[in-house]
Amino acid sequence: MLTKSIETTLAEAWEKLKLSPVSFSVDPSERPEYGDFSSNIALVGAKVAGSSPRDLAARIIVSLPQDAFSRVEIAGPGFINLHLKPEMIHACLKGMLDDEGGFGPRQIGAGTKLQVEFVSSNPTGPLTVGHGRQAVLGDVLSSLYASLGYDVSREYYFNDEGHQVDLLAQSLWARYRQAHGADASIPEQGYQGDYLIEIAQQIKDDVGDAYPTFDEVASAFFRKRGVTVIKEMIKDDLAQLGVRFDNWFSEEDLHRRGEVDAALEALKEREGTYERDGAIWLRAEENGGIKDSVLIRSDGRPTYLMVDIAYHIDKFRRGLARVIDVQGSDHHVEQSCMQAALKILGYPQDFLSYAVHQFVSIVEGGKTLRMSTRAGRFVLLRDLTSELGRDVVRYFMVARKPETHLQFDLDLARAESLDNPVYYIQYAHTRIASIFRKAQQVVDPRVVDLSPLAASAELDLIKQLDSFPQVVEEAALRFAPHLLAEYALNLARAFHAYYADHRVLGEESGLMQARLALLTAVQRVFKRSLEILGMSTPEMM
RNA sequence: GCGCCCGUAGCUCAGUGGACAGAGCAACGGCCUUCUAAGCCGUCGGCCGGAGGUUCGAAUCCUCCCGGGCGUACCA
């Protein structure tokens, strides 16, 4: 990688000055006149060196190897601007072509078992666009880590126990009675959505009038039936988006195996709990949490937090080295309590991290829709996916920084469906595919002489390709998949501009082959980027 | 009240200490006998919410204020 090798070269030059080490950066230059890469080493080192940045820069430059750069300049306040020899850039492309499948990020994961848990929506209704953002975020994050060499598993946690499921059963039963023409009403906190009507109708067809009253037996039946049907709905919604899970974890299992009780005992042993007002509390605050929270209610039922702690102990026991939970920003008190609990239990600090995101609001006709599953006010993920397609939904969901609110403008998404960033990127891939279809010859890009690549547009293209591994690494480590979405868009921009100004087929043979080799690498990076984003790479459009 | 996140072009957003702050959309004007015009090129557009501070240097870090979202349950 160019950046890394320049960093090394500069660091060696710095060493020769016998000064204490400093941390500096090497970045692609913002303007052509600043060369290919710029470093601030003289700016950050001026203090240690006790001289002005420009003087220091001059001293560094003297000890740079002669053959590395075509030109080195001191600019502005003391930047060192480096102009690379084309051979160096060609060598970089050569490296990518030689390294066929492996051209990619450093394998810092080295087989480490990492789990990404996401969506984990209650099985009480179909997924909304809000869940959609999380689904795509979690899925892309998983792919990013996988490409860093982690052994990644995607997990969905079903809260198929507790109060919300009771409410679902009551709501569903009410719809079932309504299907019989009876006057039953959905509980105030219940689920009003139309999707229950259909399910109730099916139940009526199956069992007729078997449950005239909502007693224990009816409750159990409607819970089971509702949860089962809705789980399938959710799986379908996710499959349609191209999101696949390795494991569907059921809360019920935790209770059945006694893991909740065991988790409570473990916390008690470490003196992480106390009793107050008949309830058992977690000592979260003195362990870095925001506030103490109830683990066991005064009526003896465990809270969501209690079960969640048991769930995370279970994850640890399964041999996972790291766990990333993707969650909405409304959970941050809960998150701090979870971390506090793990601290009490003596788990490694970096075992669990949260990738937090803000919500999606749907804007339609200039109006913002506030969504609520219970009130039946929402846009269904499946409706969005059916209308716009998997690629468009995925790109829009992941193109924004997770911590900002995502305004999904439906009108715009529809209207733009023709000159959409999605098609813009895919079209770049398609154009390359088209050139290869038309090219008469098949050449092995690894043995092509790259020296004819002299245009600044193509040297820039190579430099952009070179930064791909770093983008992937940063996108993963910062939980920032939008960096990759943006990278792909920028690469497409650079390619389209190049394509407009330079021909490939019909050029003199040496030049043509060199350009075909370049396009091989460009296409490979598009493919890899879109693969990680979970988008298709059409050969024709 | 307190805690977390956000405030950058008309709109949607990049930019987590560096050189004159970027892109898409919208608006306006050019470019198809040549590898797919789902494209390219150009013009217009900004006191980076406000005020202080830190330093060689701030959209970026700190403090305060203003505006928005979320949380502040023995809900999940």
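Throughout, a chain's letter reflects where its sequence line sits, starting with A, and its residues are numbered from 1.
If you find the closest nucleotide of RNA chain B to A:Tyr304 and to A:Glu486, the one lying nearer the 5' end belongs to A:Glu486. Remark on RNA chain B: of its neighbouring residues A:Phe436 and A:Ala399, the 5'-side contact belongs to A:Ala399, judged by nearest-heavy-atom nucleotide.
Computed from coordinates, the A:Lys47 NZ to B:G57 C1' distance equals 12 Å when rounded to whole Å. As a whole-Å value, the separation of A:Tyr354 OH from B:C5 C1' is 17 Å. Rounded to whole angstrom, the span from the CG atom of A:Asp166 across to the P atom of B:C75 amounts to 13 Å.
For A:Phe249 and A:Phe158, the distance between ring centers is not under 6.0 angstrom. Here the two rings, on A:Tyr424 and A:His496, have centers that are under 6.0 Å apart. Between A:Tyr157 and A:Tyr311, the gap from one ring centroid to the other is short of 6.0 Å. Taking the centre of each ring, A:Phe396 and A:Phe408 come in below the 6.0 Å mark.
Among the nucleotides B:A19, B:C13, B:G68, the one closest to the side chain of A:Arg400 is B:C13. Nearest nucleotide to the side chain of A:Asn159, out of B:G39, B:A76, B:C20: B:A76. Taking every side-chain heavy atom of A:Asp277 into account, B:C74 is the closest of B:C74, B:A14, B:G18. In this structure, of B:U34, B:C74, B:C13, it is B:C74 that holds the atom nearest to the side chain of A:Ala279. When distances run from any side-chain atom of A:Tyr499 to the nucleotides B:C35, B:C20, B:A76, the shortest one goes to B:C35. The A:His405 side chain lies nearest to B:G68 when the options are B:U12, B:C35, B:G68.
Residue A:Ala497 is in sugar-phosphate contact alone, with no base atom involved, counting any heavy-atom pair closer than 4.0 Å across all strands shown. Residue A:His331 is in base contact, counting any heavy-atom pair closer than 4.0 Å across all strands shown. Among the atoms of the strands shown, only primed sugar atoms or phosphate atoms (P, OP1, OP2) are found under 4.0 Å from some heavy atom of A:Tyr424. A:His429 comes within contact range of no nucleotide atom at all, as no heavy-atom separation falls under 4.0 Å. Note on A:Glu474: nothing from the nucleic acid sits closer than 4.0 angstrom, heavy atoms only.
By the criterion of a centre-to-centre distance under 5.5 Å and near-parallel planes under 30°, the ring of A:Phe359 forms no stack with the base of B:G69. For A:Phe79 and B:A19, the ring-to-base geometry satisfies the stacking test (centroid distance below 5.5 Å, interplanar angle below 30°).
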- Message: For RNA chain B, please output the secondary structure as dot-bracket, reading 5' to 3'. Pairs are Watson-Crick or G-U wobble, both atom distances under 3.5 Å; mark crossing pairs with [ ], other-strand partners with |, unpaired with a dot.
- Response: (((((((..((((....[...)))).(((((.......))))).....(((((..]....))))))))))))....

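Residue A:Lys401 places none of its side-chain N or O atoms closer than 4.0 Å to OP1 or OP2 of B:C5.
With sequence neighbours left out, the side chain to side chain contact (heavy atoms under 4.5 Å, CB included) criterion links A:Ser52 to A:Arg54, A:Asp55.
Of the P atoms belonging to B:C62 and B:A9, the separation is 22 Å, rounded to the nearest Å.
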